[in-house]
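Atoms within each ligand, like the ligands themselves, are counted from 1 in listed order. All figures in this text were calculated on a predicted structure; none of them were measured in a lab. All residue numbers in this chain count up from 1 along the given sequence.
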Amino acid sequence: MSDIPAIEVENLVKIYDDVTAVDGVSLTIPKGAIVGLLGGNGAGKTTTITSIMGLLRPTSGRTRVLGADMMRERHSVLHRMNFQSPYVDLPGRLTVRQNLLTFARLYGHPNPKARAQQLAEELELFPFFDRKTGQLSAGQKTRVALAKALVNDPEVLLLDEPTASLDPDTAGWIRDRISDHRTKKGATILLASHNMREVERLCDRVVFMRRGKIVADATPTELLEKYGRETMEDVFIDVARGEAAMAALEGAL
Ligand SMILES: Nc1ncnc2c1ncn2[C@@H]1O[C@H](COP(=O)(O)OP(=O)(O)OP(=O)(O)O)[C@@H](O)[C@H]1O
């Protein structure tokens with residue numbers, strides 16, 4: 001059973017009215033990998049991640065997590081996975097403590113109170129533990145969202161821009177927590193990011209999306225070599241320029 005991939009995406013297509021957000025994406029992520037999903041605005045990253053979570057019905061294709069089809073059998077694996085997304089707010093009227101207790105109970109933790117305390121300690125949430133989550137700053141909310149994502153010690157963790165709105169020091173510290181989670185748990189992590197340093201630092205593999213398709217899938221070192229660049233930031237710009245060139249070409253046809 002151990003050779004079942006953590007995440008499988010098979011020919012995923014998602015069409016919204018006149019927008020093809022994801023256009024035939026296939027991806028296999030083995031257990032224990034940290035993979036970065038990159039791409040410019042509107043490339044299809046969030047749609048891909050939301051489909052992997054089973055929260056969005058694809059137009060065609062399928063997604064599997066730990067072998068379970070996320071449209072038909074997601075309930076069999078939800079307790080083994082978790083996610084964080086800036087698009088999904090935690091209940092704002094609950095305090096941080098109440099939110100973590102609620103999610104620990106929802107995930108069936110044997111001792112929700114102890115788990116909430118432990119997460120507050122690990123993610124340094126005590127300065128705002130008894131404040132209403134809706135009243136926190138964007139950066140504080142991001143930390144709470146990550147704590148919620150770790151509440152069930154997930155084997156598969158999906159992160160959509162995990163360090164958005166964090167100051168550089170806190171962002172670095174959060175990256176260490178993500179990396180620790182992989183080391184301790186052997187967890188598989190897929191993260192969408194615009195932060196190239198984050199990707200270089202954390203990811204074993206980088207998947208670039210452009211206009212709903214995967215245009216590159218390699219290790220950071222391989223990508224730097226392929227594009228003849230010294231930083232992932234430059235590689236990203238090369239890929240983005242490819243998009244601009246393609247749009248110009250289509251406009252001219
Ligand atoms: N609910 C929706 N209805 C209609 N179009 C949508 C919807 N959600 C996303 N789209 C469109 O699908 C495309 C892909 O969006 P998506 O959010 O997946 O991109 P992204 O790569 O995550 O972008 P960003 O980096 O800006 O967050 C975009 O053109 C977007 O406008």
NZ/NE/NH1/NH2 to OD/OE distance under 4.0 Å, R211 and D23: no
With the side chain counted from C-beta on, respond yes when H109 and V151 share a heavy-atom pair under 4.5 Å apart, and no when they do not. no
Contact with ligand 1 for G44, non-hydrogen, under 4.0 angstrom: yes
Does K148 make a cation-pi contact with F83, if we ask for NZ or CZ under 6.0 Å from the ring centre and within 45° of the axis? yes
Under the side chain to side chain donor-acceptor pair (under 3.5 Å) test against E155, which residue among R80, K31, K185 passes? R80
Please work out whether any backbone atom (N, CA, C, O) or any side-chain heavy atom from C-beta onward of M209 is under 4.0 Å from ligand 1, and answer side chain, backbone, both or neither. neither
Short side-chain to backbone donor-acceptor contact, K45 and G212, under 3.5 Å: no
Within 4.0 Å of some non-hydrogen atom of H194, the atoms of ligand 1 are 25 (O)
In the protein, what heavy atom is nearest to atom 17 (O) of ligand 1, and what distance, to one decimal place, separates them? T46 CB, 3.7 Å
In Å and rounded to the nearest 0.5 Å, what is the CD1 to CG distance from I29 to L37? 8.0 Å
For the pair T163 (side chain) and L166 (backbone), establish whether a donor and an acceptor sit closer than 3.5 Å, ignoring hydrogens and angles. no
N or O pair under 3.5 Å between A43 and ligand 1: yes
To which protein heavy atom is atom 27 (O) of ligand 1 closest, and what is the distance rounded to 0.1 Å? Y87 OH, 3.4 Å
I'd like the name of whichever of T50, N41, T47 reaches closest to atom 26 (O) of ligand 1 through any heavy atom. N41
Under the side chain to side chain contact (heavy atoms under 4.5 Å, CB included) rule, what do L150 and L157 come out as? Steps first, then yes or no, please. CA-CA 8 Å; L150 295 174; L157 185 56; 3.8 Å; yes
Please check if a non-hydrogen protein atom sits closer than 4.0 Å to atom 21 (O) of ligand 1. yes
How far is atom 25 (O) of ligand 1 from its nearest protein heavy atom, and which residue and atom name does that atom have? K45 NZ, 2.7 Å
Which label fits F208 and F236: parallel for a plane angle under 30°, tilted from 30 to 60°, or perpendicular past 60°? tilted
Tell me which protein heavy atom sits closest to atom 12 (O) of ligand 1, plus the residue, atom name and distance to 0.1 Å. A21 CB, 3.2 Å
Where's the contact between V19 and ligand 1, heavy-atom distance under 4.0 Å: side chain, backbone, both or neither? side chain
Which protein heavy atom lies closest to atom 9 (C) of ligand 1, and at what distance to 0.1 Å? Y16 CE1, 3.6 Å
Just to check, does G40 reach to within less than 4.0 Å of ligand 1 when the distance is taken from its heavy atoms? yes
D180 and T183: side chain donor to acceptor below 3.5 Å: no
Protein heavy atoms near atom 30 (C) of ligand 1, is at least one of them under 4.0 angstrom away? no
Protein heavy atom at shortest distance from atom 23 (O) of ligand 1: G42 N, 2.8 Å
